[in-house]
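Everything numeric here is computed off the predicted structure, so don't read it as measured data.
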Amino acid sequence: MANRLYYGDNLDILRAQVRDDSVDLIYLDPPFNSDAAYNVLFTAPAGQRSESQVEAFQDTWHWGESAARGLEDVMRSQHTALATLLRAMQQFLGTSDLMAYLAMMAVRLIELHRVLKPTGSLYLHCDPTASHYLKLLLDAVFGGGAFRSEVIWKRTGAHGSARRWGPIHDTILFYTKSDSFCWNRAFTNYDRDYIALHYRHRDDKGIFRTVLLTRPGIRNGDSGLPWRSVDPTASGRHWAVPLAAFRRAYPDLDPSSLSAQAKLDLLDQAGLVHWPTGRGRIPNQKRYLDENPGVALQDIVLDIPPLSRQSAERLGYPTQKPLALLERIIAASSNPGDVVLDPFCGCGTAVHAAQKLGRQWIGIDVTHLAISLIERRLKDAFSDIAFEVHGTPRDLDGARDLARRDKYQFQWWAVSLVDAVPQGGPKKGADRGIDGIRWVRTGPDVGDVERVLVSVKGGDNVSVAQLRDLAGTIERERAKGGLFVTLAEPTREMRREAAAAGFFDTGFGTHPRIQIMTIRELLAGMRPDLPPLGRNEGFRRAPRERGPRPRQSGLDL
């Protein structure tokens, strides 16, 4: 199965493109119904946050035809328990925004359960706003016995709330399709306070703690007999030889042929017995820090911090999760070569982690902004990556169809064809004649960066007047030049007008001040005559993944 990235509604794509029982692990981070609009933030030449923002998605759902259709699909399905639950929820919630959100999620959870292998797992990332409702939906779809864990991730530092406990965590609900699910036991590092409290001894082999060599209860065999003048029976105990430590010290010896006292002698000879001074002198085992795997994964995650604004990993996308968090989930619940699916993939952290860990992947998102960001992220991070992109226009008919259906999705897609970052959107008001910005280098220094403005036209006709508007915008914004990207073919007069605008000079040569690029030309592989792209401007670039996967901080498998 090739790695695949899909643009479109995940419900339609799941139904049409993903087979039954074909996915090993699903991670989804759907909108939380928090009634918020999320913006992508772009960086300006000096690295500071730009005033430029684009609304990536609006995390608000309203009751309407799509919500009603989703509810009807559940009622017609074979999921009787889920249908019964939604009826009860509708009686309680009515046709509220929350009910619309739950109907949207319910019909998609049915499809996610269908595509999951019997050995597969699902992780649903949410916040307390709707986690209790989502857990009910998951119980109805997967069955109550399929619930494994409620993982709490501390997503932020202290949060000042005037009249409630500070909201600082997200919830990740872990379900499996059956009892025969993949689980790779993993461990996190001990924290410093634990080490300081328990590992208080040191010898030439390292730091160690002491562990009793006896257990409660009297035994009549050799485990109850004295050793080195220490009688465990007198204390109501018996010897308990640590076999794992013995086998590490003596891999060629069979401990079953030895008495407890003989094994203890050998352990003492290997320097693995600690004899305390003072009263009692009860010997203990030395358990070295570097011999212990650490702490088995717990359902409260405190050792993976959220992404700071300064993090090299941050791409400016709203709600972006740390790569380490997704690596931990994928490593624990899948194996190399398995298929990982993210149906709400946003900026692509889950598919990035899957690629890094040697898994196959499927990513789906409903905006071209996310798809273009993920494409750039994966190509920046992996030098030899290969993947397929489905749903984005591949010919003029596809481009015309997208322009008819959604002006802003077409605009964002067209801007991505010229390696620019989009401006404005359906909720951002007037775009001042700027649909995108292409940052270009004009010289060797970091500050030698200028803007080329992009204007996109998706209508059936274009005119010289629109080209003159772009020229005026370039003057007003003091930009270096402009790109006029058009779905319709330009007139001869427009070509003349663009040529009459002249040229601008940079350290990389002379370039037309205004250029017309048609969608037909861009799909054919033609590119504008411009200086090199600025490396750190616009979409932030993902750091290159180099060589073998590094040991994940705080995690051993």
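Side-chain atoms of Gln515 come within 3.5 Å of backbone N or O of Asp529 as a donor-acceptor pair. Between the Arg441 side chain and the Phe508 main chain, no donor and acceptor come within less than 3.5 Å of each other. Looking at Arg544, its side chain does come within 3.5 Å of a backbone N or O of Asp380 through a donor-acceptor pair. Counting only distance, with no hydrogens or angles, the side chain of Asn10 and the backbone of Pro343 share a donor-acceptor pair below 3.5 Å. Between the side chain of Asp342 and the main chain of Gly363, no donor-acceptor pair closer than 3.5 Å is present. Between the side chain of Ser416 and the backbone N or O of Trp413 there is at least one donor-acceptor pair closer than 3.5 Å. Counting only distance, with no hydrogens or angles, the side chain of Lys154 and the backbone of Ile168 share no donor-acceptor pair below 3.5 Å. Judged purely by atom type and a 3.5 angstrom limit, Gln320 uses its side chain to pair as donor or acceptor with the backbone of Glu313. When atom types are taken as modelled, the side chain of Arg376 and the backbone of Ala542 share no donor-acceptor pair closer than 3.5 angstrom. Judged by distance alone, the side chain of Asp448 and the main-chain N or O of Thr442 form no donor-acceptor pair under 3.5 Å.
Taking 4.0 Å as the cut-off between side-chain N and carboxylate O, Glu475 and Arg513 count as a salt-bridged pair. A salt bridge does not link Arg527 to Asp419: none of the charged nitrogens lies less than 4.0 Å from a carboxylate oxygen. Electrostatic pairing of Lys457 and Asp469 does not count as a salt bridge here, judged by no charged N lying under 4.0 Å from a carboxylate O. Between Asp338 and Arg359, none of the side-chain N atoms (NZ, or NE/NH1/NH2) sits under 4.0 Å from a carboxylate O, so this pair counts as no salt bridge. Between Arg69 and Glu72 there is no salt bridge, since no side-chain N of the basic residue sits under 4.0 Å from a carboxylate O of the acidic one. Between Arg405 and Asp401, at least one side-chain N (NZ, or NE/NH1/NH2) sits under 4.0 Å from a carboxylate O, which counts as a salt bridge. Taking 4.0 Å as the cut-off between side-chain N and carboxylate O, Asp460 and Arg404 do not count as a salt-bridged pair.
In this structure, Gln360 and Asn3 approach most closely via the heavy-atom pair CA-OD1, 3.2 Å. The two residues Leu369 and Gln409 have their closest heavy-atom pair at N-OE1, 4.4 Å. Scanning all heavy atoms of the two residues, the minimum distance from Leu173 to Ser131 falls at CD1-O, 4.0 Å. Ser77 and Val74 make their closest contact through OG-O, 2.6 Å (heavy atoms, listed as atom of the first residue, atom of the second, distance). When all heavy atoms of Leu483 and Pro528 are compared, the pair lying nearest together is CD2-CB, 3.6 Å. What you find for Ala68 and Trp63 is that their closest heavy atoms are CA-CZ2, 3.8 Å.
Distance check, rounded to the nearest 0.5 Å: CD1 of Ile172 to CZ of Arg328 gives 10.0 Å. To the nearest 0.5 Å, atoms CD1 (Ile362) and OG (Ser22) are separated by 6.0 Å. For the atom pair Asn335 CG and Leu357 CG, the distance stands at 11.0 Å (nearest 0.5 Å). Separating the CD atom in Glu477 from the CD1 atom in Ile437 is a distance of 7.5 Å, to the nearest 0.5 Å. To the nearest 0.5 Å, atoms CG (Leu109) and CG (Leu116) are separated by 11.5 Å. Going from atom CD of Gln411 over to atom CG of Leu402 covers 11.0 Å, rounded to the nearest 0.5 Å.
Counting heavy atoms from C-beta on, the side chains of Leu86 and Met75 come closer than 4.5 Å. You'll find the side chain of Leu71 stays beyond 4.5 Å of the side chain of Leu102, heavy atoms only. For the pair Phe410 and Lys407, the minimum side-chain heavy-atom distance is 4.5 Å or more. Considering only heavy atoms from C-beta on, Ile519 comes within 4.5 Å of Val485 through its side chain. Counting heavy atoms from C-beta on, the side chains of Glu375 and Phe387 come closer than 4.5 Å. Residues Val462 and Leu487 fail the side-chain proximity criterion, which asks for heavy atoms closer than 4.5 Å. Glu497 places none of its side-chain heavy atoms less than 4.5 Å from the side chain of Phe484. Under the 4.5 Å side-chain criterion, counting only non-hydrogen atoms from C-beta, Asn461 is not in contact with Gln466.
Of the options Trp412, Tyr7, Tyr408, a ring pair (Phe, Tyr, Trp, His ring centres under 6.0 Å) to His368 is made by Tyr7 and by none of the others.
Between Tyr175 and Phe142, the ring-plane angle classifies as tilted under the 30° and 60° cut-offs. Ring planes of Tyr27 and His125: perpendicular class, angle over 60° (limits at 30 and 60°).
For the residue pair Asp505/Thr510, the side-chain donor-acceptor check at 3.5 Å is satisfied. No hydrogens or angles considered: a donor-acceptor pair under 3.5 Å links the side chains of Arg377 and Thr349.
Under a cut-off of 6.0 angstrom, the local environment of CZ in Arg394 is crowded, with over 12 non-hydrogen atoms contributed by other residues, nucleotides or ligands. A 6.0 Å sphere centred on CD of Gln78 holds no more than 12 heavy atoms belonging to other residues, nucleotides or ligands.
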